[in-house]
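Presented below is the structure to which this report refers.
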Number of protein chains: 2
Amino acid sequence: MGRWQPNARGRLAEAALALYSERGYEQTTVAEIAGRAGLTERTFFRHYADKREVLFDGSGALQELFVDAVTGAPRSAAPIDALAAGLAAICPMFADRREHARRRQAVVMANPELLERELIKLASLSATLADALRRRGVAEPAASLTAEAGVAVFKVGFERWTAAGEERELSQVLQESLTAFRAVAAGGRADSAPRTGPAAP
Amino acid sequence: MGRWQPNARGRLAEAALALYSERGYEQTTVAEIAGRAGLTERTFFRHYADKREVLFDGSGALQELFVDAVTGAPRSAAPIDALAAGLAAICPMFADRREHARRRQAVVMANPELLERELIKLASLSATLADALRRRGVAEPAASLTAEAGVAVFKVGFERWTAAGEERELSQVLQESLTAFRAVAAGGRADSAPRTGPAAP
DNA sequence: CATGCGATGTCAGGCACTGCCATCACGTAG
DNA sequence: CTACGTGATGGCAGTGCCTGACATCGCATG
């Protein structure tokens, strides 16, 4: 047996989520997280850059899956359809993890500092997606706008999935969000009433 | 004459932008900002909640302008057109302020902590816009997605405006971004080539 | 056994931010 | 004119996040 217990990183992440849930993010000190994981504060900061990052371990893998799927979509696919392929690719990552996602989502939404970190992760995803789209030949500002749209669909869909019942699959909710988005952008009223005239900025 | 120099808040904001530009955000201490404004560190924190907030004084007014215009759009206007009215309403706020916007933009983009704050301000704007749209009768998830789209158009357009020459007006750039966005969401290739088949998530 | 290496611990310190109390000019009641 | 309340500020101590420098310890390799 080694000198140290295995998986220190994972133990820190577990301890942090548990303590943030139990007593709140601000009321939890890094020393307490480290202590619960059987480590010291200094070691916590060797594994995670700061007190927030400990909740965002999987964001790199998510971004990689999403972007690779967009890059690998058929050359004939329109930008919005390449995005759809990316959304489909990340769904397996959350299979059997809805309960974990719910707990994490509750903690993040309850703390502005954590929400800020979540948002910059999504912005990083958006920037990388825009880059992938440009390599597919999409011009600006269409590439950036498409990427932002994809992230918006993911964000809204993911939130609805965590709030939904067990019978609704993530892939299904994301597909619905994408469909609703297409309708809105096309100028639909989204409330079954007829429309009349547009306005210009 | 009063005991204190007037406009302490504004002096702090000016000093902060100047120091963040000159020597960088991380290399600037709050005590230095306060000193440059002829005040103390303690007083800085009475005017601004933290070291980042000092760069976001106008965000409340921006949000108010945007949301009020969406709320006040004709009942007959589709959601996306109400958004266009909001985008038009905020343009005067930046008249003759492009140079200030450029300096601030450069500082914010160069520092992840400041970018996080910028993103949460935009998220707050998005949430308030979604609320305004729901009050107009727009259902979910269309309301949230439309709001996210509006913020995306503003973000992308604003960045392009700060990077553009003096002859391009903000209202013009925002209108172009909105048009590009509509095209992308409709499934356009955005690169003048014909499209073939879509994909589903 | 000697040596290097990797993960951890220990310690000192800077800086962001907060709570508490003091200060001081100004306005106003008496 | 004096006394008192008020609002913006200063001073100071304290907590917690985060970092740099150095020490420790088990393991692998020679």
Side-chain angles (χ1 to χ4, degrees), chain A residues 1-57 107-108 110-118 120-121, chain B residues 1-57 107-108 110-118 120-121:
Chain A
M1 196 183 99
R3 178 183 177 187
W4 305 287
Q5 299 299 317
N7 194 23
R9 232 183 127 82
R11 270 154 44 217
L12 285 168
E14 273 183 43
L17 180 57
L19 287 172
Y20 292 172
S21 294
E22 289 169 15
R23 75 176 73 168
Y25 169 78
E26 287 186 345
Q27 284 65 45
T28 303
T29 70
V30 174
E32 289 168 343
I33 301 171
R36 180 145 169 168
L39 297 167
T40 65
E41 186 182 6
R42 190 65 186 88
T43 298
F44 175 95
F45 286 109
R46 286 204 179 87
H47 285 278
Y48 296 101
D50 57 49
K51 193 185 168 185
R52 303 162 209 164
E53 197 67 18
V54 66
L55 287 189
F56 297 86
D57 229 1
V107 171
V108 171
N111 296 95
E113 296 190 24
L114 292 171
L115 185 53
E116 284 185 339
R117 184 58 50 87
E118 174 105 333
I120 205 174
K121 297 292 185 186
Chain B
M1 198 183 97
R3 177 184 179 190
W4 305 286
Q5 299 298 317
N7 195 23
R9 233 183 124 82
R11 269 154 47 216
L12 285 168
E14 272 183 45
L17 180 57
L19 287 172
Y20 292 172
S21 293
E22 289 169 16
R23 74 177 72 169
Y25 169 79
E26 288 187 344
Q27 284 64 46
T28 303
T29 70
V30 173
E32 289 168 343
I33 300 172
R36 181 147 170 168
L39 297 167
T40 64
E41 186 182 6
R42 190 66 188 87
T43 299
F44 175 95
F45 287 110
R46 286 203 179 85
H47 285 278
Y48 296 102
D50 57 50
K51 194 184 168 185
R52 302 165 211 165
E53 197 67 17
V54 67
L55 286 189
F56 297 86
D57 228 1
V107 172
V108 170
N111 296 94
E113 296 189 25
L114 292 172
L115 184 54
E116 284 185 340
R117 183 56 51 87
E118 174 106 333
I120 204 173
K121 297 290 184 187

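As a basis for the values below, the full set of heavy atoms in this structure was taken, side chains included, without hydrogen atoms, waters or symmetry mates. Lettering follows sequence order; numbering is per chain, from 1.
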* **Shortest non-hydrogen separation from Phe56(B) to Leu114(B) and the atoms involved** => CZ-O, 3.6 Å
* Asked: What are the two closest heavy atoms between Ala13(A) and Val54(A), and how far apart are they?
  -> CA-CG2, 3.6 Å
* If you look at every strand shown and take non-hydrogen atoms under 4.0 Å, does Ala31(B) touch a base, only sugar-phosphate, or nothing? -> nothing
* Given DNA chain C, 5'-ward residue of the pair Gly38(A) and Glu26(B), judged by closest heavy atom -> Gly38(A)
* Asked: For the side chain of Arg36(A) and the backbone of Arg11(A), is there at least one donor-acceptor N/O pair under 3.5 Å apart?
  -> no
* Asked: Can you check the Glu113(B) CD to dA16(C) P distance for me, whole Å?
  -> 10 Å
* Arg46(A) CZ to dA21(D) C1', straight-line distance once rounded to whole Å -> 10 Å
* Structure fact -> Of the candidates dT8(C), dA16(C), dG19(C), the side chain of Leu39(A) sits closest to dT8(C)
* Round to a whole Å and report the spacing from CD of Glu41(A) to P of dG13(C). => 17 Å
* **Salt-bridge contact Lys121(A)-Glu53(A) (side-chain N to carboxylate O under 4.0 Å)** => yes
* Write down the distance between CD (Gln27(B)) and P (dT19(D)), rounded to a whole number of angstrom. => 13 Å
* dT8(C) OP1/OP2 closer than 4.0 Å to side-chain N/O of His47(A) -> yes
* CH2 of Trp4(A) versus P of dT8(C): gap in Å, rounded? -> 7 Å
* Look at the side chain of Ala8(B) and decide which nucleotide, out of dT9(D), dC17(D), dA16(C), has an atom nearest to it. => dT9(D)
* **Between P of dC18(D) and CG of Leu12(A), the distance in whole Å** => 14 Å
* Would you call Lys51(A) and Glu113(A) a salt bridge, using N to O less than 4.0 angstrom? -> no
* Respond yes when some side-chain nitrogen or oxygen of Thr43(A) is under 4.0 Å from OP1 or OP2 of dG9(C), and no when none is. => yes
* Rounded distance (Å) that lies between atom P of dA7(C) and atom CZ of Arg9(A) -> 12 Å
* Separation of dT18(C) P from Lys51(B) NZ (nearest whole Å) -> 14 Å
* **N/O (side chain, Thr40(B)) to phosphate O (OP1/OP2, dG10(D)) under 4.0 Å** => yes
